[in-house]
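Only a predicted model underlies this, so the values are computations on that prediction, with no experimental measurement involved. Ligands are counted one by one from 1 in listed order, and the atoms in each one are counted from 1 as well.
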Amino acid sequence: HRHVDHATVETAQAVIDAGDFHAVIPAHETLATYRNAGGYQTLQALRDGGDVEQVQDRLLEAGLRGLGGAGFPSGRKWSFVRANPGPRYLAVNGDEGEPGTFKDRHYLERTPHLFLEGMLIAAWGVEAETCFIYMRDEYPAVRQILLQEIAALEQAGIVSKGYIDLRRGAGAYICGEESAMIESIEGKRGIPRHRPPFVAQVGIFNRPTLVHNVETLHWVARICREGPQILNSVEKNGRKGLRSYSVSGRVARPGVYLLPAGSTITDVIAAAGGMAEGHAFKAYQPGGPSSGLLPASMHDIPLDFDTLQPHGTFIGSAAVVVLSDHDSARDAALNMLRFFEAESCGQCTPCRVGCEKAVKLMQADRWDQPLLEELCTTMTDASICGLGQAAPNPIRLTIKHFPQEV
Ligand code: SF4
């Protein structure tokens, strides 16, 4: 099931001294190879007189949804941004800070131009003045690849110098939240904004801003070139499309697996070579720590947008972590809350204080379940952003599915 890159991957490996550390630059598709395979012809054709509505319709027909985790229909986003007068901006969310997620890195280290062409198509779609790429600094190789390939695009005259502005994230998880990312791009402390207004209306420097995840743009390029059927013709368990699952934990071969969107955890583990030797499947995190843990008995749910909601969780960025009989669900949940405690931006009390109190309560020999539930309700109802609203998920799901451990 492993994803095979669509075009030949060329080039020598280079070791670049990137300041304090050495970044090994993986062999990736260069501009020349990508163009030889027809790359950037779609962009050119669109720039020469393409119809934006038609492109949006194709994205909707393909069923493309935001792959950063929110799952909002991609084509519809363009209309919202276009509805507001220019100048407009485009921001790429490459923060990929959700623990267990590494799919964007996977694509950027192999086929950076599919992403870059997708980004330029989206920029054309909303007539963006500038494209900001907010890239997590923990990916030094990706940064080097992008610097190199953006320079190549400038040299080839595909974009003007400075049109693509590559920004470095500084390791704050909350800067993956789109409005906090925008604050950070503006040079301020990255804290989420209240909504409305939405970033499509009031985004970077108060201008209408289109925000897309890296992988979403990869698919924009592919849909525009290959047609909506590359996604909507794949059907499994009543679901359409493909998902890039980042699989880690107790599996034989951790990695990124491109599978039908209707895949269950059984399919995902099978794609990753089965369980690691000596480990029996016990539980799984379906989509980042905010999604909490589900037990192995719930092995037949398609891991897609919408399908996990009835079970009190969600697929998010499809960061699947597999736990075995060697692991404690209780310890995993505590670890998740410690992460949220550390990464809470501190702006609102239910999250800042709530995460800290939750960690204290979860360290007790026996969890005070009514008190924890009261805390969870406050956090869910009163937190400003998704971090505080979803942080209770690991607590609630652990109480529900692993009561003997708490
Ligand atoms: Fe910050 Fe947490 Fe409030 Fe979000 S919910 S704004 S991360 S304090």
Using a 4.0 Å cut-off to any heavy atom of [X], which atoms of ligand 1 qualify?
X	value
Ser344	2 (Fe), 8 (S)
Cys348	3 (Fe), 5 (S), 8 (S)
Ser383	5 (S)
Ile384	5 (S), 6 (S)
Cys345	1 (Fe), 6 (S), 7 (S), 8 (S)

So, Ser179 side chain and Arg193 main chain: donor-acceptor pair closer than 3.5 Å or not?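 Yes, the answer is positive, given that a donor and an acceptor are paired below the 3.5 Å cut-off.
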Residues Lys236, Asp267; criterion salt bridge (charged side-chain N to carboxylate O under 4.0 Å, His left out); working and verdict: CA-CA 11 Å; Lys236 182 168 182 166; Asp267 301 319; 3.1 Å; yes
Is Glu186 atom CD crowded by more than 12 heavy atoms from other residues, nucleotides or ligands, each under 6.0 Å away?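 Yes, the 6.0 Å shell around CD holds more than 12 heavy atoms from other groups.
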If you draw a 6.0 Å radius around CZ in Arg76, do more than 12 non-hydrogen atoms from other residues or ligands fall strictly inside?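 No - once you tally the heavy atoms of other residues, nucleotides and ligands closer than 6.0 Å, there are 12 at most.
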Minimum-distance protein heavy atom relative to atom 2 (Fe) of ligand 1: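 Sorting protein heavy atoms by distance from atom 2 (Fe) of ligand 1 puts Cys351 SG, 2.3 Å first.
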Below 2.8 Å, any N, O or S contact between Cys385 and atom 4 (Fe) of ligand 1?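 Yes - counting backbone and side chain alike, Cys385 has an N, O or S atom under 2.8 Å.
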Let me know which of Glu215, His106, Arg105 forms a side chain to side chain contact (heavy atoms under 4.5 Å, CB included) with Val256. His106
